[in-house]
Every structure is written in structure tokens, then in C-alpha cells.
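Down below is the structure, laid out as C-alpha cells.
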Amino acid sequence: MHESPTSLSDYRKQIDEVLRDDFLRKTLDTFAVAYRANRETIFKEVDEQALIKQIADSRDAACKRMEELYTQFKAEAEKRGVIVHRAATAEEANDIVVRIARQNNVKRVVKSKSMTAEEIQLNDRLLADNMIVDETDLGEWIIQLRHEGPSHMVMPAIHLSRYQVADDFSKATGVKQDSDVQRLVKVARVQLRRKFINADMGISGCNFAIAENGAVTTVTNEGNARMCTTLPKVHVVIAGLDKLTPTLDEALTALLVLPRNATAQRLTTYVAWMCGAGECSVNKNDKKILHVIFLDNGRTEIAKDPLFSQIFRCVRCGACANVCPVYRLVGGHKMGYIYIGAIGLVLTYFYHGKDKAKVLCQNCVGCESCKTVCAGGIDLPRLIREIRARVNAEQGGDTVPALLGAVMANRKLFHTLLKFAKYAQKPFTGGDVQFQRHLPAIFLGKHGFKALPAIAAKSFRDRWKEIAPVVSSPKYRVALFSGCAQDFIYPEQLEACVRILASKNVAVELPMEQSCCGLPLDMMGQRKTCTDVAKQNVQAFANGRYDAIITLCASCGSFLKHTYPHLLEKEKSVQYALRDFVDKVTDFSSFVHDKLGLSTEDFTNSGEKVTYHAACHICRGLGVKEAPRDLIASAAAYAPCAEEEVCCGFGGTYSVKFPEVSAQLLGNKLDNLAATGASRVVVDCPGCVMQLRGGAEKKKLPFRVTHIAELLAENLKC
């Protein structure tokens with residue numbers, strides 16, 4: 001039922017296959033668009049960020065008290081007739097369930113939806129012990145009939161059409177079933193009611209285990225879970241130790257976010273609180289036989305980890321999958337082992353083994369959408385990068401990333417090779433042109449969906465002496481963080497920035513010892529090299545008295561500002577310089593909009609119809625929303641684009657590893673941009689320029705792609 005790819009090449013073949021599933025494309029597209037809109041609406045009623053912080057603080061505190069809360073829960077639950085167990089491993093948890101079943105002569109088991117039961121692969125064990133096991137959540141029952149795992153933590157059968165379900169129901173009932181959804185629901189109701197009535201044991205998961213009163217909670221949109229927990233004479237609850245919650249109030253606070261995040265509802269249909277063993281007349285003492293099994297499976301060790309303990313903030317809402325552009329294309333069966341989406345890429349490493357995580361953890365484009373919607377504020381992109389680094393350190397990485405890391409660690413060698421590339425590319429460019437027009441197909445592989453850029457004839461750093469502005473009495477003194485792409489591929493973007501800054505009396509410097517920001521290295525799991533490069537960059541800017549360090553690359557800016565403090569936290573020699581560096585890093589749009597105050601008076605509005613792609617690391621990584629749009633509207637006729645903040649599919653090294661996914665994301669983005677009728681697309685990131693310009697060139701689309709600095713420089717009043 002659960003398979004994980006063993007190699008990147010095998011994984012890409014699996015992805016190729018699923019990308020041809022047109023129904024999955026349409027279903028997940030429709031859901032993703034509707035979910036974003038509905039979630040935005042439903043969260044207007046509450047203070048989203050305050051609630052998320054409250055949940056994060058509550059879960060972090062509970063994590064530190066895990067043993068204490070377990071002891072308290074056990075004492076309170078046992079007072080109320082509950083039998084509490086603790087299992088160190090998945091195997092031990094399964095043994096306990098089987099033992100309970102044998103003690104009570106259980107032959108038939110009904111289960112409500114439980115990701116923890118999926119985690120321990122309980123069904124396989126019960127079936128091996130000759131028990132009849134039926135999932136009763138509608139989606140779970142459907143995928144059980146198909147011998148599949150869930151493709152979403154909340155909507156396990158979202159990948160299936162009603163026609164597929166009708167076929168499965170026909171096989172299960174022996175009667176040809178109509179594809180009408182309401183009829184199918186009635187068929188399921190009839191079939192499942194029989195199973196509830198005949199069941200000897202019900203097994204459920206648990207959303208919250210309340211320590212103060214020993215209560216367990218299930219949160220569902222179907223009444224089937226209540227049938228599982230009330231009708232059979234034996235009820236077994238399976239919960240991870242991370243579900244321990246100190247008080248009822250804290251659980252209620254989490255419930256303000258959980259349904260909003262999962263399905264954009266104010267509250268789910270059913271929230272059941274089970275406090276103690278209820279009445280059950282078929283048992284000797286007229287009481288339900290109620291067992292609660294707490295699963296460790298590595299949780300107590302994770303709780304001690306200062307970085308990864310934050311995964312216990314997860315409330316299993318599935319929102320990280322709902323907004324993930326990769327999940328939207330490949331679905332849960334190809335973006336997880338048992339747990340799905342961004343959190344699944346992390347949990348697989350801890351719960352199911354490093355071998356299963358090695359390939360899966362690479363399938364993240366790094367767009368940070370998951371982080372912005374997480375109910376517990378988990379820094380999922382950072383955790384995924386950390387998993388890559390750990391896997392790389394523990395199992396060894398591929399040869400190519402290691403070689404690239406060795407080159408990039410040596411700034412002079414790296415820059416020399418980039419300069420040499422401008423000569424080596426001549427046969428493929430046909431001269432000093434923008435694209436590699438004559439690259440043999442054998443070199444392109446699956447990257448033929450976009451035109452690849454050419455190295456500039458002269459890098460920005462080599463032009464600097466010629467264009468460096470002289471400002472006698474500067475209003476501000478700034479330094480440029482040039483970034484690899486703009487320095488060696490798109491120097492015109494930096495030149496446009498310099499013209500704007502100089503015109504507003506800003507002195508500009510370019511520290512020559514700076515190198516790549518290190519993000520590509522971190523994406524490849526080359527943590528040590530990335531740290532060395534980060535230290536080198538901080539030192540390159542340490543001696544200048546700058547008011548700001550400006551970058552025109554959103555990805556660089558976000559990485560410098562938010563990741564450098566973590567990378568260099570143990571490097572005591574650079575701490576003062578690091579704080580100063582991080583505080584001063586500013587994206588171009590924010591600096592000219594907020595600091596310089598550029599507005600309509602500073603531009604001759606061209607009237608050109610211009611649309612915008614919000615780079616992932618500008619709108620989410622740096623949280624910059626209005627500045628670019630205001631600037632565009634000041635210099636041209638701004639035409640908003642559908643799904644403006646959805647990833648274009650570049651993701652740096654991601655587009656190299658997963659060109660199939662990158663091509664699909666790019667195609668969707670280009671369609672939306674073309675639909676605006678704009679003659680120009682502007683962005684805040686050279687990586688996005690590379691992706692969008694290359695795709696537009698390949699498709700011969702009627703718009704050009706430039707950096708926002710170029711648009712502003714062209715229309716700046718002299």
C-alpha cells in the first residue's frame with residue numbers, strides 16, 4: 001500500500017506518470033484556487049497571526065512537558081475507567097492492539113480516520129492476525145477498496161473521480177452502481193451501517209488528549225467516527241504523544257484554526273469529547289472497554305531537538321498540501337510516504353526511516369507557501385532543507401552537488417569559471433545574444449520547455465569601474481549584493497538599479513569579495529559549504545558603513561536575512577558583523593518605495609500594460625506585498641494577474657532536479673500572464689526572469705519579461 005522511491009530517477013518516472021493524469025490536474029487545480037479564496041474569507045473573522053502564535057506557544061510548552069502531561073493524563077483517565085498504554089515503537093503499538101483484540105474475542109474491527117494508525121500500518125497487522133478490518137471514513141473506505149494509501153491527510157480520496165468510485169462500489173457490492181454522488185453516498189451508508197452493527201471493536205485516532213481530565217477528542221465532518229467510538233463494545237484510541245494537550249481551553253483555541261485551515265470551515269460538523277468509559281450494556285459492568293495507546297515512535301527524542309521539536313505544533317490540517325504548488329501537480333501519493341505534503345517530507349525522515357526520506361525530501365520547490373498557512377507557524381521550508389543536509393551528511397550526497405559545492409566555496413575559482421563560460425558558450429549562442437539558441441538536444445534533456453540564458457559578455461563586477469556613480473553629498477550610502485544571476489547573466493538589472501539610486505542622491509558601492517548567497521548550496525544539502533560562503537559574504541560587507549545592503553534578488557534577500565542567522569549562530573567571530581549585515585539587507589522595491597519614497601511624481605507613466613509575477617521570496621520570504629505593485633502603477637498601467645503569488649516553478653536547483661514539475665508550473669504561470677493581455681511582465685527576482693523569459697521565448701509569447709528596476713529606470717523622470 002505504501003511505497004517510497006528508491007532513487008531520484010525512479011521518482012521522476014513516477015512523477016512523469018502522474019503528470020499525465022488530466023483528472024488529477026483539474027481536480028487539484030479547482031480545489032487549490034477555491035481553497036485559497038475560501039480560507040482568506042474565513043480567516044477575516046479572527047486574528048490569524050495572533051491565534052497561530054498562541055497555538056505555537058501552547059504546543060511548544062506542551063512539548064517540553066510531554067512526560068508530565070502523559071503522567072497526568074494517565075492518572076485522570078484511569079480514574080474514569082480508561083486503560084492507558086504506552087508504546088515505544090510502531091510494532092509495540094500494533095502488538096498492544098492485537099492483544100486487546102484477542103482478550104475480547106474480537107473478529108471484526110471498524111476504524112475511523114487516523115493518521116497515527118496509518119503511521120504504524122495497523123491494518124496490515126490486523127489483517128495478518130485474521131481479523132476483518134473496515135475503514136469507515138468515506139474517503140478511507142474508498143481507498144481501502146482500492147488498496148491505496150490516503151492522498152491527503154484530511155481528504156484521503158481527493159484524487160479520485162466519481163466514476164472511479166462508482167466502479168469500486170460496483171465491485172464491492174456486486175451491483176452496478178450509478179456515478180451520481182448522492183446515490184454513491186447512500187450505497188456507502190448502507191454498506192458501512194452493516195459493518196458498524198457487526199463490529200466487535202472500534203479504533204479511532206485522537207486530535208487532542210486533554211491532560212487535565214483524561215479526555216480524548218475526535219474532529220470530523222462525518223458521523224462515522226462516532227459510530228466507531230460508540231457502537232462496538234471495545235474502543236481503542238491511538239494517539240501520538242504529541243497529541244497531549246494541557247487543558248480544554250488550549251484545545252478549543254486550536255479548534256479556532258484547525259477547521260479553517262483544513263477545509264475553510266468555522267467548525268467541523270462533529271467534535272466529540274470522550275471523558276472516561278461510557279455506558280455499554282453488553283459488557284459485564286455496563287461500561288465501554290476503552291483503551292488509549294500513546295505512541296512514541298521517536299517522539300520523545302524529537303521533543304529534545306531544539307529545531308525539529310516544532311513539528312509537534314502540527315494539528316494535521318493538511319493546509320501545507322492545500323497551498324503547495326508541487327502537491328497541486330503530483331498529488332499526495334507522490335509527495336509523501338504516509339504523511340502528506342510538506343510536513344510529510346519531514347515526518348517521513350523521523351517516523352519511517354532516512355532511506356524513505358532521501359528522495360522525497362528533495363521534492364520541495366522552496367516557495368514557502370506552506371510556512372505562511374501553517375496553523376502552528378512551523379518553519380517547514382527550513383526543516384526540509386535541514387533534512388536534506390542531514391541526509392547528505394549521513395548517507396553521502398550525489399557527486400554533482402559535491403563538485404558544485406567545492407567550486408562555489410572558492411569565490412575566485414567560481415567567478416573565473418563563470419567568466420570562462422561566456423567564451424565556451426559561443427558555439428551555442430551564435431554570438432553575444434540572450435539565449436543558448438544552438439544547444440544540442442542531448443544537452444537539454446527535459447529542459448527543452450524553456451530557452452536557457454546566455455552568460456553576459458561582461459559581468460556587472462567587470463563593468464563597475466565604468467558605471468560607478470559619483471555622489472558628492474549622498475542622502476544614503478548603500479552597498480549592492482549583486483547575486484550570481486544578475487552579476488553574470490543579467491547585469492542590466494543592476495545597472496538600472498544604480499541609475500535610479502544615483503538619480504536620488506544615493507551613493508552606491510559594490511564589495512568585490514562577495515559571492516553567491518549560498519541558497520543553491522543549501523537546497524542541495526551542502527550545509528558546510530553554504531556556511532563557509534555565508535561567513536565570507538558577511539565579512540565582505542563588514543568594513544563598510546552602509547545605510548542599507550540592497551539586493552535585487554528576492555531569493556538572495558530572504559536567504560541572507562532569515563537563514564544566515566541560523567547558519568552562522570555558532571560562528572562567534574562574525575556575530576556583530578552578522579547582526580549588522582542582516583539588519584541592513586533590504587530588497588530593491590522596499591528601499592526605493594519606503595526609504596526613497598518614489599511615487600507617481602518621479603515617473604513619466606508610459607501607459608504600457610504591465611503585469612506582475614510576485615516572486616515567492618518577495619511576497620512570502622520577505623513579506624513585501626504593496627511596494628512593487630505601487631511602483632508598477634506609478635510607472636505604467638498595472639494589470640493584475642490571476643494567482644499572482646503562485647510559484648513559477650523555478651526554485652533554483654529544483655528546476656534542474658524536477659524539470660517535469662517545473663515545466664508544468666511554468667506553463668500554468670505563462671497562461672495566467674498571457675491572459676492579462678499585458679505587453680510586459682515584471683518581477684523582483686532574476687531566477688523568475690530566467691524561468692519566465694525562457695518560457696515566453698520558447699512559446700513565442702507576445703510579452704517581454706524584465707526586472708522591476710528596468711521598468712522604473714526606463715520611465716524615471718530625469
Side-chain angles (χ1 to χ4, degrees), residues 1-3 14 17-18 21 23-24 27-28 31 94 97 101 106-205 220-229 231-232 238 318 321 331-340:
M1 183 183 292
H2 302 288
E3 297 180 3
Q14 294 175 23
E17 191 176 311
V18 78
D21 187 336
F23 173 78
L24 185 66
T27 298
L28 295 183
F31 171 73
N94 286 333
V97 177
V106 170
K107 301 296 182 185
R108 293 176 176 270
V109 177
V110 288
K111 289 175 69 252
S112 71
K113 190 176 181 309
S114 168
M115 287 307 300
T116 312
E118 293 279 356
E119 176 186 332
I120 65 176
Q121 300 184 45
L122 176 60
N123 285 10
D124 294 344
R125 177 61 190 280
L126 294 176
L127 291 168
D129 274 72
N130 299 313
M131 289 179 224
I132 298 171
V133 184
D134 289 297
E135 295 287 352
T136 63
D137 173 272
L138 180 56
E140 290 282 346
W141 185 52
I142 291 168
I143 63 172
Q144 184 185 29
L145 294 176
R146 298 176 62 83
H147 306 288
E148 295 177 350
S151 64
H152 190 284
M153 287 198 287
V154 176
M155 298 160 283
I158 191 174
H159 60 293
L160 298 173
S161 72
R162 58 194 176 102
Y163 303 104
Q164 290 170 294
V165 174
D167 289 343
D168 294 329
F169 282 13
S170 297
K171 293 174 186 175
T173 61
V175 177
K176 178 67 176 175
Q177 301 294 343
D178 189 275
S179 61
D180 178 74
V181 173
Q182 294 305 317
R183 289 179 182 274
L184 291 172
V185 171
K186 289 178 181 178
V187 170
R189 183 179 294 121
V190 170
Q191 294 295 317
L192 293 174
R193 286 295 165 91
R194 294 169 183 165
K195 300 178 189 300
F196 289 130
I197 292 168
N198 293 320
D200 306 305
M201 176 192 282
I203 298 176
S204 76
T220 66
N221 270 323
E222 299 175 12
N224 295 352
R226 286 186 172 181
M227 302 285 272
C228 279
T229 61
L231 282 179
I238 302 175
H333 289 153
K334 296 295 176 281
M335 199 185 177
Y337 174 63
I338 287 176
Y339 288 101
I340 308 302

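Since we're looking at a predicted model, the values are computed, not measured.
- Put simply, the side chain of E17 does not reach to within 4.5 Å of the side chain of K334, judged on heavy atoms.
- Residues M153 and I340 come closest through the heavy atom pair CE-O, 3.9 Å.
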Evaluate the side chain to side chain contact (heavy atoms under 4.5 Å, CB included) criterion for residues N198 and I132: first the C-alpha distance (whole Å), next the side-chain angles of each, then the deciding distance (0.1 Å), finally the verdict.
-> CA-CA 11 Å; N198 293 320; I132 298 171; over 6 Å; no

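- Listed for the S151 side chain is a donor-acceptor partner under 3.5 Å among the backbone atoms of P156.
- For the pair K195 and D134, the salt-bridge criterion is met [side-chain N within less than 4.0 Å of a carboxylate O].
- Taken to the nearest 0.5 Å, the CG atom of L160 stands 13.0 Å off from the CE atom of M155.
- Across every non-hydrogen atom of Q121 and Y337, the tightest pair is NE2-OH, 3.4 Å.
- Of the residues listed (V97, N94, V133, I120), the one engaging R125 in a side chain to side chain contact (heavy atoms under 4.5 Å, CB included) is N94, and it is the only one.
- What you find for N224 and L138 is that their closest heavy atoms are ND2-N, 4.1 Å.
- Rounded to the nearest 0.5 Å, atoms CD (E119) and OG (S114) are 9.0 Å apart.
- Inter-residue side-chain proximity for V175 and S170 is flagged as unmet; no heavy-atom pair is nearer than 4.5 Å.
- Side-chain contact between D168 and Q177: absent, with no pair of heavy atoms (C-beta onward) separated by less than 4.5 Å.
- Side-chain atoms of N123 and E118 form no donor-acceptor pair, as typed in the model, at a separation below 3.5 Å.
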I would like to know whether T229 and S204 meet side chain to side chain contact (heavy atoms under 4.5 Å, CB included); could you show each step before the answer?
-> CA-CA 7 Å; T229 61; S204 76; 3.9 Å; yes

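- Side-chain contact between L28 and I158 is present, with heavy atoms from C-beta onward closer than 4.5 Å.
- Residues G139 and E222 share a closest heavy-atom pair of N-OE2, 4.5 Å.
- Side-chain polar atoms of T136 and E140 form no donor-acceptor pair below 3.5 angstrom.
- Within the 4.5 Å cutoff, side-chain heavy atoms of I143 are placed close to those of P150.
- Under a 3.5 Å cut-off, the side chain of T27 and the backbone N or O of L24 do not form any donor-acceptor pair.
- A donor-acceptor pair is defined here as one N or O able to donate and one able to accept, closer than 3.5 Å; such a pair exists between the side chain of R162 and the backbone of S179.
- Of the inter-residue distances, the one linking L126 atom CG with I203 atom CD1 reads 5.0 Å to the nearest 0.5 angstrom.
- Taking 4.5 Å as the limit, some side-chain heavy atom of E148 sits within range of a side-chain heavy atom of H159.
- In this structure the side chain of K171 never reaches within 4.5 angstrom of the side chain of L145, judged on heavy atoms.
- Judged purely by atom type and a 3.5 angstrom limit, D178 uses its side chain to pair as donor or acceptor with the backbone of D180.
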Would M227 and R193 satisfy side chain to side chain contact (heavy atoms under 4.5 Å, CB included), going step by step from the backbone distance to the final call?
-> CA-CA 9 Å; M227 302 285 272; R193 286 295 165 91; 3.4 Å; yes

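- Listed here is the closest heavy atom pair of Q191 and T173: NE2-CG2, 3.6 Å.
- Between the side chains of H333 and Q14, no donor N or O sits under 3.5 Å from an acceptor N or O.
- Between atom CG of residue D129 and atom NZ of residue K107 there is a gap of 10.5 Å, rounded to the nearest 0.5 Å.
- Counting heavy atoms of neighbouring residues, nucleotides and ligands inside a 6.0 Å radius, atom CZ of R108 does not exceed 12 of them.
- Relative ring orientation between F169 and W141 is described as tilted, the plane-to-plane angle lying within the 30° to 60° band.
- Side-chain contact between I238 and T116: present, with at least one pair of heavy atoms (C-beta onward) separated by less than 4.5 Å.
- When every heavy atom of A166 is checked against every heavy atom of L184, the shortest pair comes out as CA-CD2, 3.8 Å.
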